[in-house]
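Numbered from 1 within each chain, the chains take letters A, B, ... in sequence-line order.
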There are 2 protein chains.
Amino acid sequence: MTTKSYGQYCGVARAMELVGERWALLIVRDLLVGPKRYTDLRAGLPKIPTNVLATRLKELEQGGVVARRVEPSPSRAIVYELTPYGADLDQVVLALGRWGARSLGELRPGEIVTTDILVMALRSTFRPDRAKKVRARVSYELRFGDLVVHALVDDESLEVAAGPIDKPNVVIEARGPLSPLLNGEIDGEAALKTGLVTTDGTAADLNRFAQFFPIQ
Amino acid sequence: MTTKSYGQYCGVARAMELVGERWALLIVRDLLVGPKRYTDLRAGLPKIPTNVLATRLKELEQGGVVARRVEPSPSRAIVYELTPYGADLDQVVLALGRWGARSLGELRPGEIVTTDILVMALRSTFRPDRAKKVRARVSYELRFGDLVVHALVDDESLEVAAGPIDKPNVVIEARGPLSPLLNGEIDGEAALKTGLVTTDGTAADLNRFAQFFPIQ
DNA sequence: CGGGATCCGTAAGGATACTG
DNA sequence: CAGTATCCTTACGGATCCCG
């Protein structure tokens, strides 16, 4: 409620007052993938203290970013979802994710990946111009540990969601972070050779994937 | 030093670790307009405690976002500027400013406006598509209190900088925040009639300005 | 005067336990 | 399941002081 003001009449300052507190944009990131219950949010953000999550949700609700909804009977579950205004943070979060992905580097001890992270990572790095150029229409299934997401590239459009997809054109199984492949450090062939990736496709498929979802 | 980790291998999380602390993105916002000395930064952010500014600058430097440079003799001034990586936050800050501008509302007591804020506000709200459609080539001088910035709209490109411009096509003097005009609450004629704006141009000029730099 | 460092009180975050 | 309550620790905010 009394989020400290920056004392500036400025869009950036106002945005930081609304979603600039610790954890807030990560909550928004997960809600951009879809509405969630309190426990789902906790599961996606294991390191957030529960009182901080409760506080953030209240602040975001009061800021008009998040709406708290009680599902109809018999479920009666409490669901958090983005308001239309909150959903407009899409471009902000994608731009932030694109920028931050360049600093990802190696997987640090204790760091986790979730389905929501994978979904947003694919959305943020997608390059419609490159997909359009080849008039691509490809479906990918991406596996990382026991996480599974799929991406449907169609001309310049992209759809990403959790879970498997029926008859994907290419299945990519990552044994570790794909950043070396996606930032051009290694190519598809090397990714296969080092065992970073296995796939039912070819090295060329991996290279095309890296073209569509580059880091940088 | 080691800003607390979110424990997630995610571009958004990494970005928040680098620039997510209080005040950090406002420092970046001002540095996006141009390199600055410590005292300039303080002047642009009057409410930041000096120790927090010093700490942020060190963190941003260590994160590869900001570079600290000592000017050659005889100046020897210490200047802070964005690294190329830091400068790539441009799109993030513009997107945030666009989003946050919709919550600006009335000028709250104690809130200030600076030249850097005006420059970034114009950059963030500019709509190249609308400028291109009319093949516009217009120079604006915008005055707000004793602040003066200018904007040069040329087809779909925009240049904004501090200070006056030679022979502007339209001079706009704002007596208060222009958000009502820019978000469509009122039109140019009403803005003139209520005294919110004075100009050497016409109401139509104000309407075109509002088309080029809309909030929403 | 530019460029900080220091000190202290308060507010927020973090970890854990507990409840309707 | 969806949060509160508690306790502790860290960070922030505000003021002052320092040094070349």
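E61(B) places its CD atom 14 Å from the P atom of dG3(C), with the value rounded to the nearest Å. Distance, I78(B) CD1 to dC1(C) C1': 13 Å, rounded to whole Å. If you measure from atom NZ of K36(A) to atom C1' of dC1(D), you get 17 Å, rounded to the nearest angstrom. Rounding to whole angstrom units, CG of residue D40(B) and P of dG4(C) are separated by 13 Å. Atom pair K47(B):NZ and dG13(D):C1' shows a separation of 10 Å (rounding to whole Å applied). Between the CG atom of L53(B) and the P atom of dA5(C) there is a distance of 11 Å, rounded to whole Å. Look at NZ on K4(B): it is 16 Å from C1' on dC12(D), rounded to the nearest Å. Going from atom CG of L45(B) over to atom P of dG3(C) covers 15 Å, rounded to whole Å.
Side chain of E21(B), nearest nucleotide from dA17(C), dC12(D), dA2(D): dC12(D). Of all nucleotides listed (dT4(D), dA15(C), dG2(C)), dA15(C) comes nearest to the side chain of P49(A). Distances were taken from every side-chain heavy atom of T50(B) (C-beta onward) to each of dA5(C), dT4(D), dG3(C); the shortest belongs to dA5(C).
No side-chain donor from either of R108(B) and Q8(A) sits under 3.5 Å from a side-chain acceptor of the other. A donor and an acceptor atom, one from each side chain of Y140(A) and T199(A), are nowhere located under 3.5 Å apart.
Both the sub-6.0 Å distance and the 45° axial angle are satisfied by R22(A) relative to the ring of Y6(B).
Among the heavy atoms of the strands, none lies under 4.0 Å from R76(B). Residue contacts for T39(B): at a heavy-atom cut-off of 4.0 Å it reaches the sugar-phosphate backbone alone, with no base atom in range.
Distances shown here put a side-chain N or O of Y80(A) below 4.0 Å from the OP1 or OP2 atom of dG3(D). R22(A) has no side-chain polar atom (N or O) that falls below the 4.0 Å cut-off from OP1 or OP2 of dA12(C). Phosphate proximity of dA11(D) to R56(B): absent, as no side-chain N or O sits under 4.0 Å from OP1 or OP2. R42(A) has no side-chain polar atom (N or O) that falls below the 4.0 Å cut-off from OP1 or OP2 of dA2(D). For dG3(C), neither phosphate oxygen OP1 nor OP2 lies less than 4.0 angstrom from any side-chain nitrogen or oxygen of K58(B).
At a cut-off of 3.5 angstrom, the base of dG4(C) holds no donor-acceptor pair with the side chain of N51(B).
Residue order along DNA chain D, read from the 5' end via each residue's closest nucleotide, puts Y38(A) first among W23(B) and Y38(A).
Remark: the backbone N or O of I27(A) is not paired with any side-chain donor or acceptor of D30(A) at under 3.5 angstrom. At least one donor-acceptor pair under 3.5 Å links the side chain of S139(B) to the backbone N or O of N169(B).
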